[in-house]
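Small disclaimer: the values here were computed from a predicted structure and weren't measured.
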Amino acid sequence: MKIDHIGIATRGIEGALAFYRDALGLDVAKTEEIAEQKVRVAMLPIGDSRIELLEATTEDSPIARFLEKRGPGIHHIAVRVDDIRAALADLKQKGARLIDEEPRTGAGGCLVAFVHPSSTGGVLLELVQDPTDC
């Protein structure tokens, strides 16, 4: 298991890129909209991991609600797992509160699922099935 990415909620990806791309010098690997989650994302590789910039595409999206409550900043940490269904079953058996009992499609077509912050010490945790090229 390793960190796949750190998700950062932004009011706008273009504005955030002024720092992550222009100041830090990170490259944007891809940008895409995930209609089901009402979000637009930009992935920026950094070492063996990535930074995922998140922008709400609707006012009722989870990212819009997060920004309204907390403002821009770290939204979640994502860890890569080999078998997401097995990882979910194991976490559930150990008493973790799951947001997603079944994986769904996330950025890059990867399977993803979220674990509630109440089970992780206040951090929203995303599981990402070990991608071949997400």
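Between L53 and I13, the shortest heavy-atom distance links the atoms O-CD1, 3.8 Å. When all heavy atoms are compared, the tightest approach of I84 to P103 is CG2-CG, 3.7 Å. Minimum heavy-atom separation, L26 to P45: CD2-O, 3.7 Å.
The hydrophobic cluster containing L67 also contains L54, counting ILVMFWY residues as joined when their side-chain heavy atoms lie under 4.5 angstrom apart, directly or transitively. Note: the hydrophobic cluster containing V79 does not contain V41 (ILVMFWY, side chain heavy atoms under 4.5 Å, direct or indirect links). I51 and V39 are members of different hydrophobic clusters when ILVMFWY side chains are connected at heavy-atom separations under 4.5 Å. Hydrophobic clustering, with ILVMFWY side chains joined whenever heavy atoms are under 4.5 angstrom apart, groups I46 together with I8. M43 and I3 are assigned to two separate hydrophobic clusters, defined by single-linkage of ILVMFWY side chains at heavy-atom distances under 4.5 Å.
Shown here is D48, whose CG atom has no more than 12 heavy atoms of other residues, nucleotides or ligands within 6.0 Å. Heavy-atom contacts from other residues, nucleotides or ligands closer than 6.0 Å to CD1 of I74 number 12 or fewer. Heavy atoms of other residues, nucleotides or ligands lying less than 6.0 angstrom from CZ of R11 number more than 12.
Looking at residues two or more places apart in sequence or on another chain, you find a salt bridge (Lys or Arg N to Asp or Glu O under 4.0 Å) between R104 and D100. Residues that satisfy the ring pair (Phe, Tyr, Trp, His ring centres under 6.0 Å) test with H75, not counting sequence neighbours, are F66. Under the side chain to side chain contact (heavy atoms under 4.5 Å, CB included) criterion, K94 pairs with D90, not counting sequence neighbours. R21 pairs by the side chain to side chain donor-acceptor pair (under 3.5 Å) definition with nothing, not counting sequence neighbours. Looking at residues two or more places apart in sequence or on another chain, you find a side chain to side chain contact (heavy atoms under 4.5 Å, CB included) between E33 and T57. Under the salt bridge (Lys or Arg N to Asp or Glu O under 4.0 Å) criterion, E68 pairs with no residue at all, not counting sequence neighbours. Taking the salt bridge (Lys or Arg N to Asp or Glu O under 4.0 Å) definition, one finds that E102 meets it with R85, sequence neighbours left out. Remark: T105 pairs with no residue by the side chain to side chain contact (heavy atoms under 4.5 Å, CB included) rule, at least two apart or across chains. With sequence neighbours left out, the side chain to side chain contact (heavy atoms under 4.5 Å, CB included) criterion links P62 to R65. Legend: residues meeting side chain to side chain donor-acceptor pair (under 3.5 Å) with E52, ordered by chain and number and at least two apart, are H5, H76. Remark: D60 engages K38 in a salt bridge (Lys or Arg N to Asp or Glu O under 4.0 Å) (not counting sequence neighbours).
The CD atom of E126 lies 10.0 Å from the CD1 atom of I99; values are rounded to the nearest 0.5 Å. In this structure, the separation between CD on E101 and CG on L88 is 8.0 Å, given to the nearest 0.5 Å. Here the CE-CZ distance, from M1 to R80, works out to 12.5 Å after rounding to the nearest 0.5 Å. Between the OG atom in S119 and the NZ atom in K92 there is a gap of 12.5 Å [rounded to 0.5 Å]. Separation of atoms CG (L125) and CG (L91) is listed at 8.0 Å; rounding is to 0.5 Å.
Applying the ring pair (Phe, Tyr, Trp, His ring centres under 6.0 Å) test to residues at least two apart or on different chains, none of the pairs has a partner in residues 11-56.
Between the side chain of E32 and the backbone N or O of A107 there is no donor-acceptor pair closer than 3.5 Å.
With a 4.5 Å cut-off on side-chain heavy atoms, P117 and L124 count as touching.
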